[in-house]
Amino acid sequence: MTTLQQEIIEKLGVKPTIDVDEEIRRRVQFLKDYVLQAGATGLLIAISGGVDSAVATGLCKRATDELSKETGKEYITLGVFQPYGRQEDIHHSYEVAEAFQLTHKVETNIEDAVDEIALETEQAFKALKIHRHLSRAGKGNVKARTRMVVQYALAFDLNLLVVGTDHASEALTGFFTKWGDGAVDLTPLSTLNKRQVRELARRLGVPASIVDKAPTAGLWEGQTDEGELGVTYEDNSSYLEGKEIDPQAKENLEKRYLRTQHKRQPIPGI
């Protein structure tokens with residue numbers, strides 16, 4: 001294992017092996033402690049239909065159920081579904097809500113808001129005499145950030161904390177949108193790699209169809225994480241567990257880590 005690999009593993013806090021039950025218990029307690037400390041009435045989780053948000057949902061629901069039982073006060077987990085127009089796998093979001101018996105859930109379609117922002121941006125291009133449309137990646141970032149605007153609008157008036165789904169495998173590559181899905185109040189999965197997230201998913205009872213599906217950020221049609229990154233989550237997870245992987249995949253991961261340092265650091269100032 002190279003020095004850089006060891007530094008990255010230590011920085012991201014990933015263990016080579018985990019006790020799944022212990023990790024679930026520890027993360028549920030983390031959520032409970034944070035809710036009590038903040039004086040919040042519960043947690044808000046955007047349920048995308050992927051395994052990461054499904055695991056976060058399961059942890060949130062356990063945390064708020066336990067708090068309600070222990071304190072005699074009602075604490076809730078609010079599940080938010082946020083398609084852009086028609087989302088082919090939206091049924092997976094509802095399956096997650098059903099699996100964890102969420103009684104508080106809502107769908108907020110972001111299409112109109114995103115399209116209006118895209119239109120205003122293109123009007124700005126014209127005013128600057130720049131002849132172009134908003135890029136596909138640029139619009140994808142608008143989608144991610146619009147989702148967070150809606151989540152925080154709900155969370156503010158309902159006194160909820162916004163829970164993120166980012167984990168170490170995404171942090172390694174910088175595969176999240178700055179001030180989008182990376183803008184949250186707390187991240188209960190942050191020291192797990194993708195393989196470990198799936199281990200928790202199976203123990204929590206996430207439907208198999210969701211555990212095994214190809215990961216996607218849902219930023220445009222046909223987009224997949226592994227296709228965009230050019231490296232598999234198996235190699236990514238093995239790297240974070242200190243194992244040797246294909247040299248080209250290792251180089252890819254380390255270059256992405258170094259190039260995206262700004263995403264993992266506080267806002268610089270002077």
Side-chain angles (χ1 to χ4, degrees), residues 45-53 80-90 92-93 107-154 162 164-184 187 189-190 194 213-233 235-236 248-249 251-269:
I45 176 71
I47 307 175
S48 67
V51 66
D52 303 334
S53 66
V80 183
F81 316 130
Q82 297 186 292
Y84 171 83
R86 180 179 176 274
Q87 180 180 320
E88 287 188 3
D89 65 347
I90 191 70
H92 281 155
S93 298
E107 183 173 322
T108 63
N109 200 301
I110 63 167
E111 184 175 27
D112 288 346
V114 169
D115 288 352
E116 184 62 32
I117 292 170
L119 179 61
E120 289 297 324
T121 303
E122 292 180 353
Q123 291 294 334
F125 287 152
K126 287 181 182 179
L128 292 167
K129 295 182 170 49
I130 298 172
H131 302 290
R132 62 172 298 167
H133 294 289
L134 182 63
S135 67
R136 183 175 70 170
K139 190 170 183 178
N141 285 341
V142 171
K143 291 177 183 178
R145 292 173 178 136
T146 300
R147 288 185 170 108
M148 299 317 299
V149 169
V150 175
Q151 287 177 50
Y152 270 98
L154 288 167
V162 177
T165 64
D166 291 341
H167 48 75
S169 285
E170 291 179 338
L172 171 60
T173 57
F175 196 68
F176 57 91
T177 300
K178 198 172 184 179
W179 314 128
D181 52 317
V184 294
T187 53
L189 308 180
S190 60
K194 189 72 170 188
K213 71 188 290 189
T216 173
L219 299 181
W220 56 80
E221 187 176 352
Q223 184 266 341
T224 65
D225 296 3
E226 292 177 328
E228 196 169 343
L229 292 168
V231 62
T232 66
Y233 274 121
D235 278 341
N236 180 311
Q248 188 173 354
E251 182 181 8
N252 180 332
L253 291 169
E254 292 179 346
K255 280 184 176 180
R256 286 182 179 277
Y257 179 82
L258 295 172
R259 190 169 66 243
T260 58
Q261 286 279 34
H262 67 98
K263 287 189 168 187
R264 295 178 296 271
Q265 294 175 344
I267 300 172

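Only a predicted model underlies this, so the values are computations on that prediction, with no experimental measurement involved.
Counting heavy atoms from C-beta on, the side chains of Asp52 and Glu170 come closer than 4.5 Å. For the pair Val51 and Lys213, the minimum side-chain heavy-atom distance is 4.5 Å or more. Counting only heavy atoms from C-beta outward, the side chains of Arg145 and Ile117 never approach each other to under 4.5 Å. Two residues are said to be in side-chain contact when any heavy atoms from C-beta on lie closer than 4.5 Å; Lys139 and Arg136 fail this criterion. Within the 4.5 Å cutoff, side-chain heavy atoms of Val162 are placed close to those of Met148.
Between Thr165 and Ser53, the side chains place no donor N or O within less than 3.5 Å of an acceptor N or O (distance only, hydrogens not considered).
Residues Thr146 and Ala113 share a closest heavy-atom pair of CG2-CB, 3.9 Å. When every heavy atom of Gly164 is checked against every heavy atom of Val184, the shortest pair comes out as CA-CG1, 3.5 Å. Scanning all heavy atoms of the two residues, the minimum distance from Val142 to Leu134 falls at CG2-CD2, 4.3 Å. Gln151 and Ala46 make their closest contact through NE2-CB, 3.3 Å (heavy atoms, listed as atom of the first residue, atom of the second, distance). Shown here for Ser93 and Gly49, the closest heavy-atom pair between the two residues is OG-N, 3.4 Å. The two residues Ala249 and Val231 have their closest heavy-atom pair at CB-CG2, 3.8 Å.
Here the OG1 atom belonging to Thr173 is positioned 5.0 Å from the CG atom belonging to Leu229, to the nearest 0.5 angstrom. Note that CD of Gln87 is 10.0 Å distant from CD of Gln82, once rounded to the nearest 0.5 Å. In this structure, the separation between CD1 on Ile47 and CD on Glu107 is 11.5 Å, given to the nearest 0.5 Å. Between Leu119 atom CG and Glu116 atom CD the span is 5.5 Å, to the nearest 0.5 Å. Taking CD of Glu122 as the reference point, atom NE2 of His133 lies at 6.0 Å (rounded to 0.5 Å). Rounded to the nearest 0.5 angstrom, Phe175 CZ and Asn236 CG are separated by 11.0 Å.
Remark: the backbone N or O of Ser169 is not paired with any side-chain donor or acceptor of Lys194 at under 3.5 angstrom. Arg264 places a side-chain N or O within 3.5 Å of a backbone atom of Tyr257 that can act as its donor or acceptor partner. Asp181 places a side-chain N or O within 3.5 Å of a backbone atom of Thr177 that can act as its donor or acceptor partner.
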